[in-house]
Peer 1: 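Have a look at the structure that comes next, please.
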Protein chains: 2
Amino acid sequence: MKTDDDLVFRALADPTRRHLLDRLYERDGRTLTELESELEMTRFGVMKHLRLLEEAGLVVTRREGRQKLHYLNPVPIRLIHDRWIDKYRERQVSALANLKSELEETA
Amino acid sequence: MKTDDDLVFRALADPTRRHLLDRLYERDGRTLTELESELEMTRFGVMKHLRLLEEAGLVVTRREGRQKLHYLNPVPIRLIHDRWIDKYRERQVSALANLKSELEETA
DNA sequence: TTGACATGTGACTTTTTGGTCACTTATCAT
DNA sequence: ATGATAAGTGACCAAAAAGTCACATGTCAA
């Protein structure tokens, strides 16, 4: 059996799919053709990736005529967070994460 | 090139490794042998999984005589969160995630 | 110091995943 | 209608990951 969260984690495991999420985080409502244009991969590869993201619920889509618009859904990401970070430790962990980011910016 | 975050996402992609994180979230400082005992897999399989988790920084270890103790490090998880959830939307998303969890509990 | 215990390594096989391609379907504008 | 545009399907190949095994190392206790 393939559980719900399994789809999410598997979807996130690929760098191309994470890149697609990054692009949609930046601005969503994009089409397959638009997303494809900036990747060194055929349309079919990108389509497969988008399908996995959609099946995982990380991306939701809406049809508009002959094109399909893609939107980022961050809820599954939050659920990953909540699985291993309880609200009592959230502040500390968040502070550490910020510290790490800042150190890396100046490095 | 294999980036830092790539190791984290790949590590999280496997159900056995997520299970190991769950066990360590429950209580950490466990040994390989202890973690192995509850899995239907040889010691070698579990060892490989733990090594990937450690390389990803999701688990940190400390040697204690002939045994190796494993601890959960939640910081990389928080960094995943911060990648796609900005602090302005964090509240909404968190609320939606809680709602989803509650609905599933009673279902 | 010897036997038992806890962890580690490298080679190997099987399964899963990523990517491409030929071909198809649906929608729009002229 | 028809040519152009956007998205979809199933088969296929190559690359990567999961898991096991024979063998090896380091540590403890009697």
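The chains referred to below are lettered A, B, ... by the order of the sequence lines, with proteins before strands, and numbering in each begins at 1.
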Peer 1: Just the rounded figure in Å: distance from P of dA26(C) to CG of Leu32(A).
Peer 2: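 Roughly 17 Å, once rounded to whole Å.
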Peer 1: Name the nucleic acid region contacted by Gly45(A), choosing base, sugar-phosphate or nothing; use a 4.0 angstrom heavy-atom cut-off, strictly under.
Peer 2: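 Base contact.
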Peer 1: With side chains defined as the heavy atoms from C-beta onward, is the minimum distance between Val75(B) and Leu58(B) less than 4.5 Å?
Peer 2: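 They are not in contact (no side-chain heavy atoms under 4.5 Å apart), so the answer is no.
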Peer 1: I need the CG-C1' distance between Asp14(A) and dG19(C), as an integer number of Å.
Peer 2: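 That distance rounds to 10 Å.
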Peer 1: In whole Å, I'd like the distance from the CD atom of Glu40(B) to the C1' atom of dT20(D).
Peer 2: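 One finds 15 Å between C1' of dT20(D) and CD of Glu40(B), rounded.
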Peer 1: Less than 4.5 Å apart, any side-chain heavy atom of Trp84(B) and any of Leu12(A)?
Peer 2: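 Yes, side chains in contact.
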Peer 1: Which part of the nucleic acid does Met41(B) contact within heavy-atom distance under 4.0 Å: base, sugar-phosphate only, or nothing?
Peer 2: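 Sugar-phosphate: the residue Met41(B), judged by heavy atoms under 4.0 Å, touches backbone atoms but no base.
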Peer 1: If only side-chain N and O atoms of His49(A) are considered, is one of them under 4.0 Å from the OP1 or OP2 phosphate oxygen of dG19(C)?
Peer 2: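 Yes, because at least one side-chain N or O of His49(A) sits under 4.0 Å from OP1 or OP2 of dG19(C).
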Peer 1: In whole Å, what is the span from the NZ atom of Lys68(A) to the C1' atom of dT27(C)?
Peer 2: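 Distance check: Lys68(A) NZ to dT27(C) C1' gives 15 Å.
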Peer 1: For Thr42(B) and dG19(D), is the shortest distance between a side-chain N/O and OP1 or OP2 below 4.0 Å?
Peer 2: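 Checking Thr42(B) against dG19(D): no side-chain N or O falls below 4.0 Å of OP1 or OP2.
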Peer 1: Nearest-Å distance, CD (Gln67(B)) to C1' (dC5(C))?
Peer 2: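 For the pair Gln67(B) CD and dC5(C) C1', the rounded distance is 10 Å.
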Peer 1: Looking at Arg63(B), I'd like to know whether one of its side-chain N or O atoms comes within less than 4.0 Å of OP1 or OP2 on dG8(C).
Peer 2: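 Checking Arg63(B) against dG8(C): at least one side-chain N or O falls below 4.0 Å of OP1 or OP2.
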Peer 1: For Glu55(B) and dT9(C), give me the distance from atom CD to atom C1', rounded to whole Å.
Peer 2: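 Roughly 14 Å, once rounded to whole Å.
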Peer 1: Across the strands shown, which category fits Arg43(A) at heavy-atom distances under 4.0 angstrom: base, sugar-phosphate, nothing?
Peer 2: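 Base contact.
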Peer 1: Looking at Arg62(A) and Lys68(A), would you say the former's side chain and the latter's main chain have a donor-acceptor pair under 3.5 Å?
Peer 2: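 No, because the side chain of Arg62(A) does not come within donor-acceptor range (under 3.5 Å) of the backbone of Lys68(A).
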Peer 1: Rounding to an integer number of Å, can you tell me how far Arg66(A) CZ sits from dG3(D) P?
Peer 2: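 Taking CZ of Arg66(A) and P of dG3(D), I get 16 Å after rounding.
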Peer 1: So do the side chains of Ile80(A) and Phe9(A) get within less than 4.5 Å of each other, counting heavy atoms only?
Peer 2: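 Ile80(A) vs Phe9(A): side chains touch.
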Peer 1: Whole angstrom is fine here: how far is it from NZ in Lys48(B) over to P in dC12(C)?
Peer 2: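 Rounded to whole Å, this separation is 13 Å.
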Peer 1: For a quick check of understanding: with a heavy-atom distance under 4.0 Å over all strands, which category does Leu52(B) fall into, base, sugar-phosphate or nothing?
Peer 2: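 Result for Leu52(B) = sugar-phosphate.
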Peer 1: For dC5(C) and Thr33(B) - does any side-chain N or O of the residue sit under 4.0 Å from the phosphate oxygens OP1/OP2?
Peer 2: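 Negative; the distance criterion is not met.
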Peer 1: Do the side chains of Glu34(A) and Arg23(A) get close enough for a salt bridge, i.e. N-O under 4.0 angstrom?
Peer 2: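 Judged by the 4.0 Å cut-off on N to carboxylate O distance, Glu34(A) and Arg23(A) do not form a salt bridge.
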Peer 1: Using a cut-off of strictly less than 4.0 Å, decide whether Arg17(A) has a side-chain nitrogen or oxygen near OP1 or OP2 of dG18(C).
Peer 2: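 Checking dG18(C) against Arg17(A), a side-chain N or O does come within under 4.0 Å of OP1 or OP2.
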